[in-house]
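The figures that follow rest on heavy atoms only: side chains count, while hydrogens, waters and symmetry mates do not.
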Amino acid sequence: MANFSKSSVPRFSVEVYQNEYLPEGGREINAIVTVTATGGGTVGGAVTAPHEYAAPGQGPSAAVVIMVDCSGSMDYPPTKMRNARDATAAAVDTLRDGVHFAVVAGTHQATEIYPGAGRLAVADATTRAQAKVALRRLGAGGGTAIGTWLRLADRLLSSADVAIRHGILLTDGRNEHESPEDLRATLQACAGRFTCDARGVGTDWEVKEVTQIASALLGTADIVADPAGLAADFTRMMETAMGKGVADVALRVWTPVGTTITFLKQVAPTVEDLTERRTEAGPRAGDYPTGSWGDESRDYHLCVRVPVAHVGQEMLAARVSLVVPGTGGTVQNLGAQGLVRAVWTDDMAASTAINPQVAHYTGQAELAQVIQQGLDLRKAGDIDGATAKLGRAVQLAGASGNADTAKLLAKVVDVVDAATGTVRLKAKVAEADEMTLETRSTKTVRVKK
């Protein structure tokens with residue numbers, strides 16, 4: 001991993017919200033860990049001062065590869081390909097000077113449209129203009145093998161000695177010219193090497209493929225149902241990428257002897273289970289990848305199982321810190337940590353109280369799960385099962401104040417009583433509405449602290 005100056009690294013802080021009290025014999029501790037980064041250049045997904053990055057060296061070094069679906073289906077309707085070219089041009093215009101970049105045309109194979117010869121260009125007025133001329137050569141024809149696009153992006157990105165490596169991937173169809181196993185193998189090979197935002201345009205692509213790519217590569221996934229919205233979406237994605245200040249941040253969780261980690265999940269801004277992504281980091285410590293950071297805040301749900309203890313005893317159940325693992329076992333500590341405690345008590349009121357942050361995100365994680373289950377049951381023709389799951393989703397969305405998800409659910413079900421989760425499946429649902437609900441099902445709302 002490339003070195004970066006301290007001035008380019010956001011300042012991190014960690015806060016822990018939990019009920020630390022357990023009854024005698026109690027063993028499970030839940031905590032919400034809020035990680036906040038400031039000083040990275042973005043707030044809420046927009047570059048706060050893009051013109052401040054006018055010269056090379058201002059802001060961290062970065063490389064970006066834009067992968068554009070150019071399969072035959074991109075010609076139906078013909079405006080789709082034009083919208084994709086315009087969106088890529090808008091993303092190129094958003095690159096700050098000094099950023100390395102390339103554009104890849106994706107079909108059943110991957111072709112570097114700009115700059116070519118297996119290299120990256122360095123963004124300035126000249127290369128941006130050249131790239132936009134090259135985009136005119138993008139045309140539709142051929143199949144879809146997304147893994148080949150990602151492997152080319154990985155080769156290009158790895159050629160640059162930079163701090164931030166990022167991909168943007170657009171597809172309008174299913175990954176028909178590659179096996180699911182091949183795509184999974186590619187994602188495993190690319191994980192930890194670069195982050196990637198994935199977008200599906202139109203309604204002929206597979207939601208689970210696009211979300212799988214974003215999940216594996218710690219990026220975002222979304223639908224752009226109307227191709228006319230691509231330019232605005234690409235601009236936002238690139239602005240966010242340009243605001244990242246540090247890559248490869250890991251949550252390092254240390255636990256004492258006898259304590260085990262049941263799970264670790266990101267729960268805001270989206271639900272992402274990180275439990276199986278742990279890599280060992282010394283005695284009783286493990287690292288969980290979180291990707292790249294700018295000015296932002298994320299919440300994580302940590303559940304640990306502690307040894308049996310008696311009333312009056314207390315212990316440190318876990319210590320959470322932030323690190324950037326480097327080559328050769330080197331580690332940069334980002335100077336923030338939070339402590340998770342366990343205290344055994346015979347005060348029933350204290351030991352049975354549920355921390356509001358933990359309760360909120362437990363509900364948000366269930367909300368994401370029941371939406372997925374409900375939509376799968378609906379596709380399988382299980383009307384009763386789908387109604388029950390989506391009804392529960394309506395109930396959870398209302399109780400947690402997740403208004404955006406509630407609005408998306410209302411396009412799939414008729415809500416009779418949100419409080420009890422009483423709903424009826426709509427007889428006709430627009431494909432774009434169902435796909436939007438599925439794609440955005442893991443988006444959560446922050447708990448008011």
Electrostatic pair [X]:[Y] at N-O distance under 4.0 angstrom:
| X | Y | result |
| --- | --- | --- |
| Arg165 | Asp248 | no |
| Asp97 | Arg128 | yes |
| Lys379 | Glu438 | yes |
| Glu272 | Arg277 | yes |
| Arg199 | Asp233 | yes |
| Glu112 | Arg119 | no |
| Glu296 | Lys244 | yes |
| Arg174 | Asp204 | no |
| Glu314 | Arg341 | yes |
| Glu239 | Arg236 | no |

Centroid-centroid distance, [X] to [Y], less than 6.0 Å:
| X | Y | result |
| --- | --- | --- |
| His166 | Phe194 | no |
| Tyr114 | Phe101 | yes |
| Tyr21 | Trp344 | no |

Worked verdict on Val64 versus Met242 for side chain to side chain contact (heavy atoms under 4.5 Å, CB included): CA-CA 9 Å; Val64 181; Met242 291 299 94; 3.8 Å; yes
Could you go through the side chain to side chain donor-acceptor pair (under 3.5 Å) check for Thr34 and Asp299 one step at a time? CA-CA 4 Å; Thr34 296; Asp299 291 338; 2.7 Å; yes
With side chain to side chain contact (heavy atoms under 4.5 Å, CB included) as the test, would you mind laying out the steps for Leu322 and Arg252 before giving the verdict? CA-CA 6 Å; Leu322 294 162; Arg252 175 162 292 182; over 6 Å; no
Taking it one step at a time, do Ser400 and Gln364 satisfy side chain to side chain donor-acceptor pair (under 3.5 Å)? CA-CA 7 Å; Ser400 65; Gln364 294 283 283; 2.7 Å; yes
Given the rule in the side chain to side chain contact (heavy atoms under 4.5 Å, CB included) test, do Leu251 and Asp287 qualify, once you have shown the distances and angles that lead to the verdict? CA-CA 6 Å; Leu251 276 180; Asp287 288 348; over 6 Å; no
Is there a side-chain contact between [X] and [Y] (heavy atoms, below 4.5 Å)?
| X | Y | value |
| --- | --- | --- |
| Tyr17 | Val33 | no |
| Ile146 | Thr171 | yes |
| Pro115 | Gln130 | no |

Candidates Val304, Leu274, Thr275 - the one meeting side-chain contact (heavy atoms from CB on, under 4.5 Å) with Phe263: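 Passing option: Thr275.
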Side chain to side chain donor-acceptor pair (under 3.5 Å) evaluation trace for Thr220 with Asp197: CA-CA 5 Å; Thr220 63; Asp197 294 322; 2.9 Å; yes
Any idea how Phe12 and Trp293 line up, ring-wise: parallel (<30°), tilted (30 to 60°), or perpendicular (>60°)?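 Aromatic pair Phe12/Trp293 classed perpendicular.
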Run the side chain to side chain contact (heavy atoms under 4.5 Å, CB included) check on Thr444 and Val267 step by step: do they pass? CA-CA 7 Å; Thr444 57; Val267 288; 5.6 Å; no
